[in-house]
Amino acid sequence: MSDGLFQFLLRMGDNTLVLGHRISEWCGQAPGLEEDIALANTALDLIGQTQMWLGYAAEVEGAGRTADDLAFLRDVWDFRNLLMLERPNLDFGHTITRQFFFDAFHVLLLTRLQASSDARVAEIAAKSVKEAAYHLERSADLVIALGDGTDESHQRMQSAVDLLWPFAGEMFAADDVDNAMAAAGIAPDPASLRAEWQRKVDQVMADATLTLPESQFAHQGGKTGRQHTEHLGHMLAQMQWLQRAYPGATW
Amino acid sequence: MSDGLFQFLLRMGDNTLVLGHRISEWCGQAPGLEEDIALANTALDLIGQTQMWLGYAAEVEGAGRTADDLAFLRDVWDFRNLLMLERPNLDFGHTITRQFFFDAFHVLLLTRLQASSDARVAEIAAKSVKEAAYHLERSADLVIALGDGTDESHQRMQSAVDLLWPFAGEMFAADDVDNAMAAAGIAPDPASLRAEWQRKVDQVMADATLTLPESQFAHQGGKTGRQHTEHLGHMLAQMQWLQRAYPGATW
Amino acid sequence: DPQERAFQERIDAGDKIEPKDWMPDGYRKNLIRQIGQHAHSEIVGQLPEGNWITRAPTLERKAILLAKVQDEAGHGLYLYCAAETLGVSRDELTRMLLDGKMKYSSIFNYPTLTWADMGAVGWLVDGAAIMNQVPLQRTSYGPYARAMVRICKEESFHQRQGFDIMMKMANGTDAQKKMAQDALNRFWFPSLMMFGPSDKDSVHSAQSMAWRIKMNTNDELRQKFVDQTVPQAEYLGLTVPDPDLRWNDETGQYDFSEPNWDEFFDVISGNGPCNTERLNTRKQAWDDGAWVRDGMLAHAAKRKSQGIAAQ
Amino acid sequence: DPQERAFQERIDAGDKIEPKDWMPDGYRKNLIRQIGQHAHSEIVGQLPEGNWITRAPTLERKAILLAKVQDEAGHGLYLYCAAETLGVSRDELTRMLLDGKMKYSSIFNYPTLTWADMGAVGWLVDGAAIMNQVPLQRTSYGPYARAMVRICKEESFHQRQGFDIMMKMANGTDAQKKMAQDALNRFWFPSLMMFGPSDKDSVHSAQSMAWRIKMNTNDELRQKFVDQTVPQAEYLGLTVPDPDLRWNDETGQYDFSEPNWDEFFDVISGNGPCNTERLNTRKQAWDDGAWVRDGMLAHAAKRKSQGIAAQ
């Protein structure tokens, strides 16, 4: 169980860490000042959540590691984030569409986690869910505005949806870790979140005049760590540089 | 003297290392198959030269370090390459213009270094100068073809020349290290290469229908290590990743 | 001109000028230049720090840096709003920045090369900025003064965070100490330049001071900055890179070397280490963002016309 | 058809067919497909290795990898030239690749995630490629056979280099051993897939074998690859990720599990881990390079017309 819980907590924390990193890459380069502020704020929330999830993960592991050790001293194979979140930002449309797909899932998951049988999980979820709800409100609004904007913005958003769709399914694919968490009442079976997620996504897509692809193919390998994309290694080379180059220093 | 020689050798080796890295980033992404092959070949030559220069630098230093230690375990401040060479590739025109400015300098420098009072320096220069001459022939031809090609290629090449020109002067700026090398007959005063370099560049610019900017302003700080650009740190984060993440391993 | 005289009397009496009040063209023009330049500095100033967000060494440092950069974008927003009250839009100001017709603080044309630079920027650059900004809380133009009040609160917080990074570095490993010293070496003189050329060479000073849109002379503020900062450097165990720096018992101040003003004018005129990069980054962001801004406007217009049609 | 019969007799007699010889449309079409796909594989195959050139751990490893990638581009060039002798231009073939009308080897749709993957690609992927290519040196179409001779020499060199990387990793630190095993785990079944589906499911096999543009069945080659590779894995101290793998004394071969053919067809149909990335990278390179290719053509045309005018 404790290894299952550890894996589950890594998944939660790696998702927020990796997405937070990607969003932070927008610093000073967003389409407008309001977006710059909102993106920095989102990244900040996600890094804050990472501190809680990985902090608890480190405690559960009980090997004397810290949240920072987990963030800065693991190599790709030990990361447990969804593949979607490590993808490069590409354009703003891709960034926001990814954010929306994740936010819609994140809100449902955190809402359910507030009732976790693990008090610490419930507590972290309760602290995070309001932030996630705010992120979702914002990303959904942007998807709608840009889908239903100009011809160009519509076409860019549709491309983003087409590109990202095969990465959405991984959020709902359950494995042994998920089954163990569900059995222990720690976390819901991710598959049980799918229908409600789909309703939300369908509604936003409709308002945005965007169409979901029909294929149900889903890339796998991020949350299990079996096979990440090539992008994660490049992200870690940058993210972990200082800790790797100056081991043992305090900052 | 030995520290001067060490610094001089770092400059030679860091130039080829850093430019070789940049060129290698083109792998599989050049405008055509012949360019892909030629760029890989150029990078390969430059990395080979790096092994010789940094290998000798490590010997001269006498601190038990190897060429690989110098390449993979120094931070930005200890790098001694020209600022121009660490700049991002931008488009093919920028990459080739930078290559031409450097090749024209490199050929002159290596030619003179064949007569160095230091036998090892002379030997490495003799091994490198043919490669450099071939690089120059190729980069000069490309600058001419693209400068004198279409309106778009002309305009892109002119932008590249304008952007890179303020970085050319650093090649010829002499400091104490250069003066000591010149006094010892190890290397020429870089300023003494300028007139001939300028003749070559003027001739190629004329054939390419391109114009050099009038400003003689020159960015400084790479070859002395005083102030690199922000790009070098990102390059090193990638270049040095494995050595930093797995210290002491052999590959 | 009696109108101008009355205006000056209001200023001398410590009145705040508000957007709808009459004001001389020169006052308006100078304020637009000054506030715009300040706003642009906040925006461009995100870039040297943004350069290290993705390489911040701990989660906490990453969060602090993100919060700081977010604050800076917020300051930009306050300031553009203050400028808008003078009749110039944010888009116009942005266009002037991107066309090179308006400046931003030259300090942001220097590169951030190690993590210690995040400390040095907070400690020295924000420190110098605060020196400039604290008196501007009492400037004559109401919206500007009020923006400054909000900004100053956050800036002094940033400065303390920067000093805290420097402390960690200065008390850290040998490599960290070296980074800290190197950062001070590179940022000391550029920070002194932030106050502008010596008063005798400064163009707009006298009139701006009369209008109370400039509150102190450049040299006054520079001296004050040196007097405040040198003991902090000593506390950190770092050496200020000025061999002529010494305490002067007579004046009760530090004597120090002038920065290299040739370098200052080089940087101002576009030849700083990062001018081209910074401006190109902003241009790219603006151009890449065009479809987003257009899309949002188009959607808002559709919603509006649907709303009207529904009535 | 007497022409076709005569053609088949030449092939059966071991004659080489040359570009100007008569050949059946199907022969030409199949060869174009096969050589084009092979050429594209060399080009796209640069990308997974290019991904590690900038992170190679030593100068020597970086040089070896650069030389390898350069060789691959060279192989692409030989093969496009061979295809051109069949009346299809390199640009046409490239266009078909970018439009998704021609394939490249599916193996390159798998990501390279650690340095050990550079070893695994050389050892397993080049190893499997060689299995395919060595017999093709005796293929019936002359230009193709001659290209294969040149290619095979270099490929076997690459395979040895890959194995050498695996040796270093397998004999290295615990982390390196783990990387090596992880690479074998990920690349084993995809390498088996490189030989194509089982003969009973393979579409073009019989005719291609009669024409000698396919020299062995897929299953034959796959078996040969397994028999050659398993002892190498044992030598490295690595475990082949197949619980059912065992030596069969009766057949004198290894029994092994079939790869997951559903995954194979998923990858073929565009759903591999990197299909979109690989094709987008090539599209981007092609589009970004358009101005260069155009510029070079325009310059060459100017030079030519100047040459004519000067006569």
Side-chain angles (χ1 to χ4, degrees), chain A residues 17 20-41 43-45 47-48 50-51 54-55 66-68 71-72 91-93 96 142 144-157 208 235 238-243 245-246 248-251, chain C residues 39 43-74 76-77 80 90 94 114-115 165 168-169 171-173 175-176 179 278 281-282 284-286 288-300 302-303:
Chain A
L17 174 60
H21 182 102
R22 280 291 182 229
I23 298 300
S24 77
E25 291 175 353
W26 277 99
C27 172
Q29 315 195 31
L33 204 38
E34 286 80 0
E35 280 71 40
D36 246 330
I37 294 171
L39 288 169
N41 188 55
L44 184 55
D45 288 345
I47 299 302
T50 305
Q51 289 177 289
L54 293 187
T66 64
D68 283 335
F72 296 101
D91 70 358
F92 186 76
I96 284 298
L142 276 167
I144 292 169
L146 296 174
D148 179 50
T150 60
D151 285 351
E152 182 182 3
S153 75
H154 176 83
Q155 172 258 309
R156 281 177 179 268
M157 294 304 285
M235 180 194 288
Q238 190 172 49
M239 183 196 286
Q240 301 182 337
W241 162 252
L242 274 173
Q243 288 277 0
Y246 298 98
T250 51
W251 305 93
Chain C
I43 301 310
V44 178
Q46 294 181 90
L47 300 178
E49 292 177 311
N51 185 41
W52 280 90
I53 286 180
T54 55
R55 288 178 291 173
T58 68
L59 293 169
E60 195 188 349
R61 289 289 173 204
K62 195 190 282 265
I64 290 172
L65 197 51
L66 274 165
K68 183 178 178 193
V69 164
Q70 190 189 357
D71 285 348
E72 282 159 4
L77 205 53
Y80 285 123
R90 200 207 298 182
T94 300
T114 75
W115 176 251
I165 291 176
K168 276 279 197 308
M169 303 294 286
N171 296 317
T173 64
Q176 286 177 303
M179 278 188 217
R278 299 287 187 245
T281 301
R282 292 303 308 161
Q284 185 87 48
W286 185 251
D288 288 351
W291 72 268
V292 177
R293 298 189 301 274
D294 293 346
M296 290 170 73
L297 281 176
H299 174 71
K302 285 186 203 175
R303 280 285 154 101

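Chain identifiers are assigned alphabetically (A, B, ...) following the order of the sequence lines, protein sequences preceding nucleic acid strands; residue numbering begins at 1 within each chain.
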Pick from [options]: which one has the most heavy-atom pairs with chain C under 4.5 Å?
options                     : value
A/Ile96, A/Thr50, A/Ile144  : A/Ile144
A/Glu152, A/Gln238, A/Gln29 : A/Gln238
A/Gly28, A/Ser24, A/Gly248  : A/Gly28
A/Ala40, A/Ala145, A/Cys27  : A/Ala145

At a 4.5 Å cut-off on heavy atoms, which part of [X] comes close to chain A: side chain, backbone, both, or neither?
X        : value
C/Arg61  : side chain
C/Thr281 : side chain
C/Ala56  : backbone
C/Met296 : both
C/Val292 : both
C/Ile43  : side chain
C/Asp294 : both

Segment of [X] engaging chain C (4.5 angstrom heavy-atom cut-off):
X        : answer
A/Ala30  : backbone
A/Leu146 : side chain
A/Met157 : side chain
A/Arg156 : side chain
A/Glu35  : side chain
A/Ala71  : side chain

Looking at [Y], is its backbone amide N or carbonyl O close enough to the side chain of [X] to form a donor-acceptor pair, meaning the two atoms are under 3.5 Å apart?
X        : Y        : answer
C/Arg55  : A/Leu242 : no
C/Lys302 : A/Gly149 : yes
A/Asp68  : C/Leu59  : yes

Using a 4.5 Å cut-off on heavy atoms from C-beta on, say whether the side chain of [Y] contacts that of [X].
X       : Y        : result
A/Phe92 : C/Trp291 : yes
C/Thr54 : A/Glu25  : yes
C/Lys62 : A/Met239 : yes
C/Gln70 : A/Leu39  : no
C/Glu60 : A/Trp251 : no

How long is the straight-line distance from [atom2] of [Y] back to [atom1] of [X], given to the nearest 0.5 Å?
X        : Y        : atom1 : atom2 : answer
A/Trp241 : C/Trp115 : CH2   : CH2   : 15.0 Å
A/Ile23  : C/Ile53  : CD1   : CD1   : 12.0 Å
C/Thr58  : A/Gln243 : OG1   : CD    : 7.5 Å

[X] to [Y] - nearest heavy-atom pair and separation:
X        : Y        : value
C/Ala63  : A/Leu44  : O-CD1, 3.1 Å
A/Pro31  : C/Gly289 : CB-CA, 3.6 Å
C/Gln176 : A/Thr250 : NE2-O, 2.7 Å

